[in-house]
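Following: one structure in structure tokens, then a few remarks.
Each chain gets a letter, A, B and so on, in the order the sequences are listed, and its residues count up from 1.
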Number of protein chains: 2
Amino acid sequence: MAEIKAPKRPGRVTIRDVASDAGVSVAAVSKVLRDAYGVSDSLREKVRVSMDKLSYRPLASARGLRGRTYTLGILFPDMRNPFFADIFDGVTSALARTQYQAMQGVSVHANELVDAMIDRQMDGFILIGPNEESLRLVALAKRVPLVLVGHYEPGAGLLDTVNNDDQLGAKLVVRHLATNGYRRIAMVSLNQEPSTIIRQRELGYRIEMMEQGLGTAIQITRSSQTLRDVQSAIRKILESPDRPDALFCWTDLIAIEAISVATDMGLSIPGDIAIVGYDNTMYCDFAQNRLTSVDQSGELLGLQAARLLIERIEGRTEAEHFVVTPRIVARASSRRS
Amino acid sequence: MAEIKAPKRPGRVTIRDVASDAGVSVAAVSKVLRDAYGVSDSLREKVRVSMDKLSYRPLASARGLRGRTYTLGILFPDMRNPFFADIFDGVTSALARTQYQAMQGVSVHANELVDAMIDRQMDGFILIGPNEESLRLVALAKRVPLVLVGHYEPGAGLLDTVNNDDQLGAKLVVRHLATNGYRRIAMVSLNQEPSTIIRQRELGYRIEMMEQGLGTAIQITRSSQTLRDVQSAIRKILESPDRPDALFCWTDLIAIEAISVATDMGLSIPGDIAIVGYDNTMYCDFAQNRLTSVDQSGELLGLQAARLLIERIEGRTEAEHFVVTPRIVARASSRRS
DNA sequence: CTGAAAGCGCTTACAG
DNA sequence: CTGAAAGCGCTTACAG
């Protein structure tokens with residue numbers, strides 16, 4: 001008739017085991033766990049020893065029921081843009097010496113996934129290049145700590161943002177191309193409406209084209225991100241009678257596809273057409289691409305995003321907006337010999 | 001003096017709210033949630049209505065404390081290999097109509113991350129190309145449902161595996177190259193010890209080289225995955241006095257780097273050197289690569305992995321090992337004109 | 001500084 | 001078929 005407490009999670013060491021091993025209360029162990037004050041050094045030491053001895057690991061979801069889970073959600077709009085790996089590297093290194101752990105999610109529309117992650121008690125979120133409307137993002141920030149990478153939301157005091165100066169980046173591209181003698185510079189952009197960074201790049205492109213006296217050559221083509229759409233959009237541009245002599249693509253992956261289409265059509269790069277990307281990903285350096293691109297330090301952006309998010313979670317209430325200055329990295333794809 | 005129950009999670013609708021709204025017990029709502037039997041249609045209906053009305057979402061971590069969290073961990077060894085995106089697409093589509101949600105993690109060594117994810121109550125794991133030793137993986141499978149993609153573990157009855165026939169894939173490559181007149185076919189492999197799929201590819205390469213009477217030309221170079229190491233390894237191969245006339249790279253990303261190095265050195269592809277990859281990722285099709293590769297249907301692998309994992313979680317105990325037959329996709333990088 | 005008790009939002013036996 | 005109670009592993013006030 002003994003009371004039977006079947007351990008559901010076989011072998012899992014709980015806070016109770018640690019407490020009894022150390023000869024202290026459960027609450028004391030919890031305090032040591034959270035680095036809370038009000039524990040003597042000797043008690044802390046005893047608990048630490050027991051935790052090590054028993055290889056104790058706190059169950060995040062149990063902690064989350066009252067406090068934090070020390071889990072951050074990092075959301076990407078897709079898995080194929082190589083730039084995101086750079087950002088992720090930054091996040092990883094920022095988290096390395098903390099007790100926070102990153103879980104990633106991938107979804108074109110972050111909304112549902114964020115809800116699912118909130119159900120799973122994430123402490124906060126980094127949204128990379130979110131395709132959501134600003135209003136939704138601001139509403140979300142009311143519920144949970146939020147940092148946006150690649151989305152302008154200057155007015156909002158509820159959330160932090162991390163960006164490069166996209167307008168400047170686009171200007172640098174146009175300036176570089178104009179300096180190299182290109183005139184009919186077209187831009188390949190993205191047709192996702194809420195993307196504020198794309199709009200900034202378009203704006204920078206327009207402004208600098210005017211500045212360079214090339215206003216009449218302004219031509220923006222907006223395409224989805226699917227390989228099929230991108231290819232047909234680019235093909236259409238390159239087949240037009242008044243073919244541009246330079247193509248500014250909003251991200252490297254598109255630029256690489258543009259190189260492919262142009263090559264397929266027998267056009268020489270940069271003789272017949274210059275091609276420039278954005279993000280300066282590893283593919284730019286490959287000899288088959290030699291792609292001029294704008295470096296926006298993805299790793300730095302990721303690092304700052306993680307830092308800002310943790311600060312938020314730990315209590316900061318004023319918004320911070322981190323901006324890095326981009327620089328152009330010229331390669332053969334846009335240099336007239 | 002009224003009892004104050006401060007709602008910690010402001011605005012969160014709980015199972016209790018639903019129960020009182022529907023006029024039933026908390027246990028009844030839980031049963032509807034879990035699709036458990038022993039609930040009348042009318043009760044179920046009442047509960048459903050209340051859940052919708054209140055926009056109720058169960059808190060996964062609270063569920064996890066006793067039952068499941070309906071969360072799967074998908075672990076990748078890195079974020080830069082484009083093949084993993086194909087696998088992920090398959091996982092995503094398999095999960096679309098289920099209540100399971102995938103969270104991704106990225107880590108060269110899955111071990112620590114899996115522990116962190118177990119702390120976060122994931123119901124099971126898909127490990128993509130794990131770099132862990134078999135013993136550790138088997139031990140892990142004793143603790144939690146586990147499916148391996150890209151790792152052979154035939155003996156183990158505790159875990160499921162999903163693979164393409166890597167040995168056959170490598171044979172197809174050698175056969176294709178030999179048919180196209182290449183003789184000195186070298187292989188660029190990976191120096192990570194526990195990788196069973198790489199060993200299978202090496203084995204297939206060796207066997208088929210012998211088969212083709214090219215045994216004396218067998219040459220395997222093992223490199224790490226860092227850009228730097230890969231480039232210097234390939235450069236060394238291509239600069240050697242008895243330069244191979246074909247390079248079989250264990251994954252597309254390496255092959256693309258090989259194209260870069262060869263191009264840099266002024267070698268023509270496929271005239272001076274043929275290059276073949278593995279995985280048939282989207283980059284193979286680009287005109288600047290035109291890379292021959294082995295298609296192993298990443299999406300199908302991901303789909304099967306997700307299916308097997310859910311089956312495991314829901315009770316299957318015998319192991320299943322899914323194998324897809326690879327096929328070679330020939331492109332210009334290995335075709336002598 | 002330390003600990004007993006209540007509670008987070010669910011699920012799980014167990015009665016009825 | 002339905003529900004009251006105990007419990008999952010933690011944290012949080014609150015006493016002492």
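- Checking C:dC10, C:dC8, D:dT11 against the side-chain heavy atoms of A:L65 singles out C:dC8 as nearest.
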Review point. With Watson-Crick and G-U wobble geometry limited to distances under 3.5 Å, how should the secondary structure of DNA chain D be encoded in dot-bracket form, using | for bases paired to another strand and [ ] for crossing pairs?
Key: |||.||||||||.|||

Side-chain atoms of residues 140-149 of chain B: list all donor-acceptor pairs with protein atoms under 3.5 Å, sequence neighbours left out, distances to 0.1 Å.
{"from": "B:R143", "atom 1": "NH2", "to": "B:D115", "atom 2": "OD1", "distance (Å)": "2.8"}

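- No more than 12 heavy atoms of other residues, nucleotides or ligands shown are found within 6.0 angstrom of CZ on A:R136.
- With hydrogens and angles ignored, the 3.5 Å screen pairs a side-chain donor or acceptor of B:R12 with a backbone N or O of B:R57.
- Proximity of a side-chain donor or acceptor of A:D123 to a complementary backbone N or O of A:T69 within less than 3.5 Å is detected.
- Note on A:R57: every side-chain N or O is 4.0 Å or more away from OP1 and OP2 of D:dG9.
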**Study point:** Worked check of salt bridge (charged side-chain N to carboxylate O under 4.0 Å, His left out) between B:R80 and A:D89
**Key:** CA-CA 11 Å; B:R80 290 208 159 72; A:D89 282 349; 3.0 Å; yes

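- Interatomic distance, B:T14 OG1 to B:Y56 OH, rounded to the nearest 0.5 Å: 7.0 Å.
- Shown here is A:E112, whose CD atom has no more than 12 heavy atoms of other residues, nucleotides or ligands within 6.0 Å.
- Nearest to the side chain of B:S30, among D:dC10, C:dG9, C:dT11, sits C:dT11.
- Counting only N and O atoms by type, the side chains of A:E153 and A:S134 include a donor and acceptor under 3.5 Å apart.
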Protein and nucleotides 1-4 of chain D: nitrogen or oxygen contacts under 3.5 angstrom:
{"from": "D:dT2", "atom 1": "OP1", "to": "B:S40", "atom 2": "OG", "distance (Å)": "3.0"}
{"from": "D:dT2", "atom 1": "OP2", "to": "B:S40", "atom 2": "N", "distance (Å)": "2.8"}
{"from": "D:dT2", "atom 1": "OP2", "to": "B:S40", "atom 2": "OG", "distance (Å)": "2.8"}
{"from": "D:dG3", "atom 1": "OP2", "to": "B:S25", "atom 2": "N", "distance (Å)": "3.2"}
{"from": "D:dG3", "atom 1": "OP2", "to": "B:S25", "atom 2": "OG", "distance (Å)": "3.4"}
{"from": "D:dG3", "atom 1": "O6", "to": "B:K31", "atom 2": "NZ", "distance (Å)": "3.2"}

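- Rounded to whole Å, atom C1' of C:dC10 lies 14 Å from atom CZ of A:R120.
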